[in-house]
Amino acid sequence: MMQSLPVSSWPMHDPLVWAEACRPTQRLRLGGLASHMKPVTQDDLARRYGYFLWALMQARQLDPAEQAGAQIVPDTLEHFISLAEPHWSSVTLYQSVYKLRRIAEILAPETSFAWLREIEADLRAAAHPARRRENVTTDELVEAGEALFREAGKASHLKPKEQARRARNGLMIALLALRPIRHRNFSELTLGSTFRHLDGNWWIVLEAGDTKAGRIDEKRVPQDLVPLVERYLTVYRPILLTQKDKASREARKSNGATRPMLINLPQHEAGALWISVTGVPLTYSAVGAAIVETTEATLGIRLSPHAFRRAAKATATFLGGAYPGLARGVLQHNGDRVGEENYDSSSSRRAALESSSIVRDLTR
């Protein structure tokens, strides 16, 4: 599985140049080269560059003292592509190289990347969306997620960590099916911030700067999922956090600390929503991998987080006749047409989309 180096682990000059590029305009002082981009776009470019740097690190070719962007050369790009090709679709590979070129021109604006544009063009010509299963629906995804969550609670033969991991994955599938926010936003849901408990309800609250559409997106968690959310927070998430808590206690002992750490919020009301079996927050890539693996195990087909948006669009299109703008609202698109080339649907799905209650829930 490909991984992305965080900005803090980049070669020494890259983070400084990137931070300057993202510096916003203030009064009469112009901002950096990336200041016109939304934070979500800046994060996406940084993540793609992180994949490239990780590939270099695996090949022991990463120079920590090299100038910003200087390691993007034909030989290293060839290695990056060869490493990514077995794991990514042709579309993902093209998009990653395209975004790598964009950040390269920001990090090293005086360098010519004409050669990279040529490779980008070749990958674009070869990019073809993978065939999609035509009858994946929101209700199938919700049922699969809820069933996995229930089964995890009954699987007494499993270790607590494995039970908690399966319950977490089940909740992820069900929640993303009914609230199909973008992969980045979903993986970064944080208790007390983007995932809040207000007036007896749970809410996903995304600020304008965190959405591709550039506007606030607030979605209430469906009541049917509230028992799953609360059981995850009170039972399974603390189990997943156990290893991290143990390490923290040992670190405090080694430092001679005698007082317990002060925590402002109860454990289940602070920090990342999605926790790994090692007790740390799941990364963007790990969330995607968990969703792909879980859908394959429960439905027999590997579905990325983006596929949940196609399912929601199909559900809204065929069952939301009284709400002509429903699909656009659910997916947070600005235009009147919701990316027909990316959310292709066919009339053969009509028979499979039986649960009108899901559409009523999506309109809330």
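Given the structure is predicted, the values throughout are model-derived calculations rather than measurements.
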Taking 4.0 angstrom as the limit, do E20 and R23 come out as a salt bridge?
yes
Tell me whether T242 contacts the main-chain N or O of P238 through its side chain, where contact means a donor paired with an acceptor under 3.5 Å.
yes
Quick one: do V205 and L191 end up in the same hydrophobic cluster if we chain Ile, Leu, Val, Met, Phe, Trp and Tyr together by side-chain heavy atoms under 4.5 Å apart?
no
Lys/Arg N to Asp/Glu carboxylate O, R165 vs E162, below 4.0 Å:
yes
Has R196 got a side-chain atom pairing as donor or acceptor with S193's backbone, closer than 3.5 angstrom?
yes
Identify the two heavy atoms, one from H128 and one from A126, that lie closest to each other, and give their separation to 0.1 Å.
CD2-O, 3.2 Å
Note, L93 side chain near L123 side chain (heavy atom, < 4.5 Å)
yes
Residues F186 and M172: closest non-hydrogen pair is CZ-O, 3.5 Å
Would you call F308 and I291 a side-chain contact if the rule is heavy atoms closer than 4.5 Å?
yes
Assess whether side chain to side chain contact (heavy atoms under 4.5 Å, CB included) is satisfied between I173 and F149, documenting all intermediate values.
CA-CA 10 Å; I173 296 299; F149 192 96; over 6 Å; no
Under 6.0 Å between ring centres: does that hold for W203 and F195?
no
State yes or no: do L225 and L148 share one hydrophobic cluster built from I, L, V, M, F, W and Y residues joined by side-chain heavy-atom distances below 4.5 Å, directly or via other members?
no
Kindly say whether L206 contributes a backbone atom to a donor-acceptor pair with the side chain of T194 at under 3.5 angstrom?
no
Checking side chain to side chain contact (heavy atoms under 4.5 Å, CB included) for the pair R102/M37: CA distance, chi angles, key distance, verdict?
CA-CA 12 Å; R102 289 186 67 188; M37 299 176 179; 3.3 Å; yes
Donor-acceptor pair, K161 side chain versus V277 backbone, under 3.5 Å?
yes
Just so I know, are the side chains of L273 and Y232 near enough to count as touching, which here means a heavy-atom distance under 4.5 Å?
yes
Distance-minimising heavy-atom pair for V7 and P15:
O-CG, 3.4 Å
In this structure, would V91 and M2 fall into the same cluster of hydrophobic residues linked by side-chain contacts under 4.5 Å?
no
Could you tell me if the side chain of L116 sits less than 4.5 Å from the side chain of I72, heavy atoms only?
yes
Non-hydrogen atoms of D14 and G69 that approach each other most closely:
OD1-N, 3.0 Å
Between I275 and R168, what is the shortest heavy-atom contact and its length?
O-NH1, 2.8 Å
Output the distance between atom CD (E230) and atom CZ (R237), rounded to the nearest 0.5 Å.
14.0 Å
Is the ring pair F113/W115 parallel, tilted or perpendicular, if the boundaries are 30 and 60 degrees?
tilted
Y284 six-ring centre to R47 NZ/CZ under 6.0 Å and within 45° of normal:
yes
Of all heavy-atom pairs between G50 and S4, which one has the smallest distance, and what is that distance?
CA-OG, 3.3 Å
Heavy-atom side-chain proximity of Y51 to W88 below 4.5 angstrom
yes
Which residue in the set R310, H306, R309 passes side-chain contact (heavy atoms from CB on, under 4.5 Å) when paired with P180?
R309
Heavy-atom check, side chain of P11 versus side chain of D63, under 4.5 Å
no
Salt-bridge criterion met for D44 and R184 (N-O under 4.0 Å):
no
Please answer whether the main-chain N or O of A155 pairs with a side-chain N or O of Q163 as donor and acceptor at a distance below 3.5 Å.
yes
Hphob cluster co-occupancy, W10 + M57, side-chain heavy atoms under 4.5 angstrom
yes
Output yes when R101 and E118 qualify as a salt bridge under the 4.0 Å nitrogen-oxygen rule, no when they do not.
no
Should Y236 and R166 count as side-chain neighbours, where that means a heavy-atom distance under 4.5 Å?
no
Determine all donor-acceptor pairs shorter than 3.5 Å in which one atom belongs to a side chain in residues 74-85; sequence neighbours excluded.
| from | atom 1 | to | atom 2 | distance (Å) |
| --- | --- | --- | --- | --- |
| T76 | OG1 | Q71 | O | 2.6 |
| T76 | OG1 | V73 | N | 3.1 |
| T76 | OG1 | V73 | O | 2.9 |
| H79 | NE2 | A55 | O | 3.1 |
| S82 | OG | E78 | O | 3.3 |
| S82 | OG | H79 | O | 2.7 |

Side chain to side chain contact (heavy atoms under 4.5 Å, CB included) evaluation trace for V229 with V221:
CA-CA 9 Å; V229 168; V221 173; 4.2 Å; yes
If you measure from CH2 on W202 to CD on Q223, what distance do you get to the nearest 0.5 Å?
12.5 Å
Quick one: are L107 and H13 in side-chain contact, heavy atoms under 4.5 Å?
no
Gap separating the CD atom of E110 from the CD atom of E105, nearest 0.5 angstrom
13.5 Å
Between Q95 and T92, does the side chain to side chain donor-acceptor pair (under 3.5 Å) criterion hold? Intermediate values first, please.
CA-CA 5 Å; Q95 290 176 341; T92 300; 5.0 Å; no
hydrophobic_cluster_shared for L299 and L176, side chain cutoff 4.5 Å
yes
Between T294 (side chain only) and N169 (backbone N and O only), is there a donor and an acceptor less than 3.5 Å apart?
no
Hey, is the main chain of T25 close enough, under 3.5 Å, to the side chain of S35 for a donor-acceptor pair?
no
Check against side chain to side chain donor-acceptor pair (under 3.5 Å), S285 and T283:
CA-CA 5 Å; S285 299; T283 64; 4.9 Å; no
May I ask you to check whether W18 and Y49 place their ring centers less than 6.0 Å from one another?
no
Donor-acceptor pair, side chain of S9 and main chain of L5, under 3.5 angstrom:
no
Is the side chain of R179 donor-acceptor paired with the backbone N or O of R220 at a distance under 3.5 Å, no angle test?
yes
Checking side chain to side chain contact (heavy atoms under 4.5 Å, CB included) for the pair N185/I204: CA distance, chi angles, key distance, verdict?
CA-CA 10 Å; N185 298 130; I204 294 174; over 6 Å; no
Distance from T298 atom OG1 to L141 atom CG, nearest 0.5 Å?
8.0 Å
As an exercise, state the distance from OH of Y94 to CZ of R124, rounded to the nearest 0.5 Å.
5.0 Å
Taking NZ, NE, NH1 and NH2 as the nitrogens, is one of them in D217 or K219 under 4.0 Å from a carboxylate oxygen of the other?
yes
